[in-house]
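First up is the structure itself, then whatever we jot down about it.
In the text below, chain A, chain B and the rest are named by the order of the sequence lines, each starting its count at 1.
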Amino acid sequence: MSARPDAGHIAYLAVNGAIITFLLAPIAIITVFALNPTPYISFPPVGISLRWFEKFFSSPEFMGALWLSLQVAVVVLVLSMVIGGLCALALARGNIPGSRVLTAFFMSPLMLPAILTGLALFQLYLLLDIGRPVWGLIMGHTLVAVPYVLRTTLAVLHNFDRRIEEAAAVHGASPARVFFEVTLPLIRPGVFAGGIFAFIVSFDQFPISLFLVMPQGETLPVVLFNYMKFDLDGAIAAASMVSILMAVSVVVILEKVIGLKSYVKL
Amino acid sequence: MDQSASSPASIGLDAVSKSYDGRVRAVDAVSLDVKPGEFFSLLGPSGCGKTTTLRMIAGFETVDTGRIRVGDRDVTDVPVHKRDMGMVFQSYALFPHRTVAENVAFGLRMRKVPKAEIEERVRAALALVALTGFEDRRPGQLSGGQQQRVALARAIVIRPPVLLCDEPLGALDRKLRQQMQFELKQLQKELGVTLVFVTHDQEEALAMSDRIAVMNAGRIEQIGTPTEIYDRPRTRFVADFIGEINLIERPGGKALAVRPEKIVLGAPGAVLDGTIDSASFLGGQTLYRVALSDGRQMLVKETNAGERPVRSVGDKVGLAWAAADGVELEA
């Protein structure tokens with residue numbers, strides 16, 4: 001081999017290495033802080049301890065917030081898959097006039113800064129005088145989570161060979177059976193892929209939650225934010241680690257259970 | 001186990017029309033009768049309405065006007081899943097999330113056939129298309145030819161009175177296509193099923209069909225056996241679309257059509273005289289382009305057999321043909 005392709009290869013590796021480092025550096029830093037026993041965030045670390053994890057897991061405030069965040073995220077996951085999946089089917093299949101405009105409309109929560117969405121919902125709930133119930137928070141999260149499911153499902157539907165449904169119909173499947181035997185199994189990976197995003201968007205959601213949570217029912221990101229205003233110790237880093245692990249496990253579990261890439265070219 | 005069709009059905013189309021969005025008619029008053037057990041082809045260029053016609057028989061498209069009959073049953077208003085047909089698609093349209101065996105079993109499952117019988121019939125159908133041992137594969141793991149066999153097995157396992165094929169061999173390469181043509185024809189004969197075959201490939205239609213309907217711009221130009229269509233084309237379109245042809249214009253917009261291989265070359269002083277412009281050796285035959293004195297060109301195909309004079313470019317020749325081989329076309 002000549003020297004030139006080698007130089008090119010080295011540059012290729014260097015660029016990719018830089019990108020991966022850039023993406024993973026915050027996680028590495030958080031890991032270091034979470035395991036460092038000093039009572040303030042400092043570098044270099046002086047040792048390894050699990051005291052911040054202990055503090056996090058023994059705090060009723062953190063635990064309550066984590067539990068609420070998880071519950072909200074799971075409900076948002078289910079709601080956004082149902083709403084986003086059905087919306088995508090209607091938009092792709094319904095022969096609805098102006099379906100392109102409608103698609104843009106349903107995607108629009110992604111274009112707005114979430115903090116505006118949060119403020120708008122806050123004022124709406126105030127006007128309606130409904131207080132700040134948990135379902136109001138769930139609705140706010142769902143609003144920004146649905147576009148993710150909508151987009152991934154539309155992508156699958158876009159490449160969908162409708163002859164497959166016709167083949168089912170001509171060989172004796174009623175429209176309902178065509179849907180459950182063919183359409184649903186084939187769009188499911190798209191719906192679940194969007195669902196994973198929906199879960200993470202809700203679990204990590206801060207700007208909308210900030211406006212919509214009650215003081216005694218705050219989600220984990222809000223609790224972390226409030227905590228950081230007064231304390232900046234390793235508990236924050238430990239909480240971040242737990243959040244990351246939580247998100248990763250949901251992705252892994254969904255991948256294992258559903259097998260996202262088992263039969264559909266995404 | 002007996003895989004033959006329950007009993008092959010006739011198909012009748014009575015003045016069936018279909019247009020989209022008020023535009024020109026995709027299918028314009030098409031009437032045809034397919035006999036039980038017949039291999040019937042709808043042949044024409046893309047956009048001629050052949051696929052729309054097939055899709056109306058299947059029930060994917062509604063008809064604007066006209067009636068469709070299968071056997072003694074008027075199916076015009078019967079939904080797709082109750083028409084009891086088998087169908088093979090150009091894109092195979094297999095269920096990618098199911099195994100080969102599950103794909104083939106689909107129609108039987110929809111018909112609530114007992115499980116033991118499903119297994120037996122799937123096994124027999126896969127044996128018929130030479131895919132025994134592929135039961136647990138996914139469609140994505142098969143070649144195009146194998147996928148099309150699975151699609152065929154899925155369609156025939158229900159023993160349909162009618163089998164519809166929408167350009168089923170169009171996605172295969174030439175060699176595989178010829179082999180599948182042969183196999184499909186054999187299978188159709190064995191099963192005795194009525195088969196409606198859509199294709200734009202005239203050679204394929206000529207080789208496989210009992211009868212052909214040549215379609216153009218939503219209408220049927222001619223229905224006949226392959227020999228009738230080839231030897232006795234009725235219209236310019238049919239003459240031109242099927243094989244090579246010489247058209248000799250006649251007064252009043254009429255024309256006489258003569259196939260290149262029906263013309264005999266001889267000494268000048270025959271029906272038409274000309275000069276050989278080019279000669280292409282095709283193996284079994286040689287194709288000559290003969291320039292007539294008035295500037296027109298004629299194609300002549302001569303079989304390379306026995307003692308024949310050697311002809312070369314520039315030779316003066318006479319062209320003649322039996323009166324029966326000249327076909328008067330409708331204006």
Any side-chain heavy atom of A:Glu166 within less than 4.5 Å of one from B:Arg55? yes

Is chain A contacted by the side chain of B:Ala155, its backbone, both, or neither, given a heavy-atom distance below 4.5 Å? both

Checking B:Leu94 against chain A: side chain, backbone, both or neither under 4.5 Å from a heavy atom? backbone

Taking B:Arg111 for the side chain and A:His171 for the main chain, is one N or O donor matched with an acceptor at less than 3.5 Å? yes

With rounding to the nearest 0.5 Å, note down the distance linking CZ in A:Arg177 to CZ in B:Phe106. 7.0 Å

Quick one: closest heavy-atom pair of A:Ala167 and B:Ala93, and the distance? CB-O, 3.7 Å

Among B:Tyr92, B:Phe60, B:Phe95, single out the residue with the greatest number of heavy-atom pairs under 4.5 Å to chain A. B:Phe60

Closest heavy-atom contact between A:Leu186 and B:His97? CD2-ND1, 3.5 Å

Sort B:Arg154 into side chain, backbone, both or neither according to what part of it lies under 4.5 angstrom from a heavy atom of chain A. both

Can you find a pair of side-chain heavy atoms, one from A:Val170 and one from B:His81, that are under 4.5 Å apart? no

Any side-chain heavy-atom pair of B:Arg109 and A:Glu181 under 4.5 Å: yes

If you count the non-hydrogen atoms of other residues, nucleotides and ligands that lie under 6.0 Å from CZ in A:Phe197, is the total more than 12? no

Check whether more than 12 heavy atoms from other residues, nucleotides or ligands sit under 6.0 Å from atom CZ of B:Arg83, and answer yes or no. yes

For atom CG of A:Asn16, decide whether the heavy atoms of other residues, nucleotides or ligands shown that lie under 6.0 angstrom number more than 12. yes

Would you say that more than 12 heavy atoms from the other residues, nucleotides or ligands in this model lie under 6.0 Å from the CG of A:Asn95, or not? no

